[in-house]
Enquirer: 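There's a structure below that I have some questions on.
Worth saying up front: this structure is predicted, and the values here are computed from it rather than measured. When reading the values below, keep in mind they use all heavy atoms of this one structure, side chains included, and skip hydrogens, waters and symmetry mates. Protein chains get the first letters and strands the later ones, always in sequence-line order, with residue 1 at the start of each.
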Protein chains: 2
Amino acid sequence: MQQLRQLPKPERQRLIASVVTRRRVGSQHELQGALRSAGCEVTQATISRDIRELGLEKTRDVLGRPRYVLPDRGSRSDPRESLRAVLAQFGLRAVQAQNIVVVQSELGSAPAIARALDRIEHAKVIGTLAGDDTCLVITSGPTEAKSVAAELGAAMH
Amino acid sequence: MQQLRQLPKPERQRLIASVVTRRRVGSQHELQGALRSAGCEVTQATISRDIRELGLEKTRDVLGRPRYVLPDRGSRSDPRESLRAVLAQFGLRAVQAQNIVVVQSELGSAPAIARALDRIEHAKVIGTLAGDDTCLVITSGPTEAKSVAAELGAAMH
DNA sequence: ATACGGCGAGAATAACTATTCAGGTTTCAA
DNA sequence: TTGAAACCTGAATAGTTATTCTCGCCGTAT
C-alpha cells in the first residue's frame, strides 16, 4: 500500500482534536470531510481508530444532534482519581502477603490497575506486575504492604 | 400490531437507567438482553429511542470498552447554565427594539433558546416566541429589554 | 544486503445504531 | 359513539462505526 506523503499520525490527531472543539462534528464521515478540506485525506477506518485513541466521546448537543467531544479534563487527568475509578469498577479484593499485595480484579482489568498504580508513584510501592485478573504490588516490607492493601481495599467499596 | 401487556414506557426507561448505572452495558443488544431477563421484551429500535430520550451517552470505561452512562447531572440541571450553553453554542446576536429583544441564532436553535429562557423565569422577561433562527423576547419596557439584550449578548461570544 | 517485526493505513466487511414505515392504542372533542 | 390526532411500537432498512485482513514502510539484527 502506498504511504506516500501523509500527515503524520500525531499531527492528524491534533488536527482532529482541534476541529472537534471548534465546531460540531456529528459523524466520522463529516469529520473526514473536514480533514480533507484541511488537506488530510484518510479513510473512515483511520478516523475511527483516531477517535478511539483520542478518547473522544459521542454525545449530543443542546438540540439533540450528535457531536463528538473531547473527554472531560476534570478527573481523568488526576492519577489518584483514575486509580480510585478502576478499583471501584473492577477491584475485587487486595490481600497482603509479606512485602507484596495481591490485587484480584475482574478479568482483563489488572493491567489497567497496574498502570494506574504506576502513574501515581506511590511512595510505598516499588513496582507492579499484572496478569489478566491479578495485579501484584511490590512494596519494601510487610508494614508498607499492609498499609497499601488497606488503602487499595478501601477504594473498592 | 399487538401491544398486549407491556411494561409502560416510563417504567421501562427507569429500568434502563437503573440497569445502566448498576453495570456496564456496551451495546443496545446487550441492554435488550438485560431487559429481557428483567421480564421486559422490546426491540432494539425501542431501546434506541429510549436511550435518546434518556439522554444516555456512550463513552468507554477504564479499559476502553464501550459503556452507556447517564449524563452528568451537574450542569444540565441548572437552567441558567443550560441557557448559557445554548447561547454560547448557537447565539449570534441579541438586539433590543422597544420592549423586545431579537435574538438571532443558528438555524433551528431558536426554540431551544426560547425553552431555556422560559425555564429560567427571568424577572424581566414576560414571554418568548421562537421561529427557526430567531427568538423574540418580550419584556415590560425598553429599559428591561436593553438590560436583557446585554445579558444575553454577553453569554454568546 | 536480507530477513524479521512492528506499526500504520486502506479496503472490505461485520457490528451496531437510528430512522422510516405501517399498524395498533389511547385520548379527546364533537 | 365516532372520528381524528397523538403516541407507541416492531419490522425492515438505512446509516454509522468498529474490526479484520492485508500490505507497505521503516527499524534493527543477522
Side-chain angles (χ1 to χ4, degrees), chain A residues 1-17 19-20 23-71 108 111, chain B residues 1-17 19-20 23-71 108 111:
Chain A
M1 207 140 289
Q2 279 288 61
Q3 283 303 84
L4 201 53
R5 295 301 121 233
Q6 279 202 181
L7 213 51
K9 177 156 93 148
E11 191 168 338
R12 183 186 61 232
Q13 294 189 342
R14 273 196 300 279
L15 179 58
I16 290 178
V19 165
V20 141
R23 62 179 186 282
R24 186 188 67 94
V25 178
S27 75
Q28 301 186 357
H29 184 77
E30 195 178 331
L31 181 51
Q32 185 177 26
L35 292 183
R36 181 167 40 245
S37 59
C40 171
E41 301 236 353
V42 286
T43 59
Q44 173 267 324
T46 296
I47 291 178
S48 170
R49 291 184 274 250
D50 284 343
I51 283 181
R52 164 179 286 255
E53 285 168 27
L54 286 169
L56 292 193
E57 294 176 1
K58 194 178 188 178
T59 70
R60 14 195 104 262
D61 70 12
V62 204
L63 302 182
R65 301 177 303 188
R67 166 168 200 170
Y68 282 105
V69 298
L70 289 168
Chain B
M1 205 144 287
Q2 279 291 63
Q3 284 303 83
L4 202 54
R5 296 302 119 233
Q6 279 201 181
L7 212 50
K9 178 159 93 149
E11 192 169 336
R12 183 186 61 233
Q13 294 189 343
R14 273 196 301 280
L15 180 58
I16 290 177
V19 165
V20 142
R23 63 178 185 280
R24 186 187 67 94
V25 177
S27 75
Q28 300 185 357
H29 184 77
E30 196 178 331
L31 181 51
Q32 185 178 26
L35 293 183
R36 182 166 39 246
S37 59
C40 171
E41 302 237 352
V42 285
T43 59
Q44 174 266 323
T46 296
I47 291 178
S48 170
R49 292 184 273 249
D50 283 343
I51 283 181
R52 164 180 286 255
E53 286 169 26
L54 286 169
L56 292 192
E57 294 176 2
K58 194 177 189 178
T59 71
R60 10 194 107 262
D61 69 13
V62 204
L63 302 181
R65 300 176 304 188
R67 165 167 202 172
Y68 283 105
V69 297
L70 289 168

Enquirer: Measure from the side-chain heavy atoms of B:R12 and tell me the nearest of C:dT17, C:dG10, D:dT9.
Expert: D:dT9

Enquirer: Does a distance-only test, which skips hydrogens and angles, find a donor-acceptor pair under 3.5 Å between the side chain of B:R49 and the base of C:dT20?
Expert: yes

Enquirer: I need the minimum non-hydrogen distance between A:S37 and A:A34, along with the two atoms involved.
Expert: OG-O, 3.0 Å

Enquirer: Expressed as a whole number of angstroms, how long is the span from A:Q32:CD to C:dG10:C1'?
Expert: 11 Å

Enquirer: Return the value, rounded to whole Å, for the distance between atom CG of A:L54 and atom P of D:dT17.
Expert: 15 Å

Enquirer: Which atoms form the tightest heavy-atom contact between B:E57 and B:P71, and what is the distance?
Expert: OE2-CB, 4.2 Å

Enquirer: What is the distance from CZ of B:R52 to C1' of D:dC7, rounded to the nearest Å?
Expert: 17 Å

Enquirer: Rounded to the nearest angstrom, tell me the gap between atom NZ in A:K9 and atom P in C:dA9.
Expert: 6 Å

Enquirer: Atom CZ of B:R67 to atom P of D:dA18: distance rounded to whole Å?
Expert: 18 Å

Enquirer: Which is more 5' along DNA chain D, the nucleotide nearest B:T46 or the one nearest A:H29? Just name the residue.
Expert: B:T46

Enquirer: Within less than 4.0 Å of OP1 or OP2 of C:dA15, is there a side-chain N or O belonging to B:Q28?
Expert: no

Enquirer: So which atom in B:R52 and which in A:G64 form the shortest heavy-atom distance, rounded to 0.1 Å?
Expert: NH1-O, 3.5 Å

Enquirer: Round to the nearest Å and state the distance from B:I51 atom CD1 to D:dT16 atom C1'.
Expert: 15 Å

Enquirer: Consider the side chain of A:K58, meaning its heavy atoms from C-beta on, and name the nucleotide among D:dT17, C:dT17, D:dA11 that approaches it most closely.
Expert: D:dT17

Enquirer: At under 4.0 Å, does any side-chain N or O of A:R60 touch on OP1 or OP2 of C:dA18?
Expert: yes

Enquirer: Among C:dA11, C:dA18, D:dG10, which nucleotide sits nearest the side chain of A:T43?
Expert: C:dA11

Enquirer: How many Å lie between CD on B:E53 and P on C:dT17, as a whole number?
Expert: 17 Å

Enquirer: I'd like to know if the side chain of B:Q44 pairs up with that of B:Q28 as donor and acceptor (distance under 3.5 Å, no hydrogens or angles considered).
Expert: yes

Enquirer: Sub-3.5 Å donor-acceptor pair from the side chain of A:R24 to the main-chain atoms of A:P66, do we have one?
Expert: yes

Enquirer: Rounding to a whole Å, what distance do you find between A:Q13:CD and C:dC7:C1'?
Expert: 13 Å

Enquirer: NA contact type, B:S48, heavy-atom cut-off 4.0 Å: base, sugar-phosphate, or nothing?
Expert: base

Enquirer: Choosing from D:dT19, C:dT17, C:dA9, which nucleotide comes nearest the side chain of B:Y68?
Expert: C:dT17

Enquirer: Output the single nucleotide from C:dA18, D:dG10, C:dT17 whose closest atom is nearest the side chain of B:S27.
Expert: C:dT17

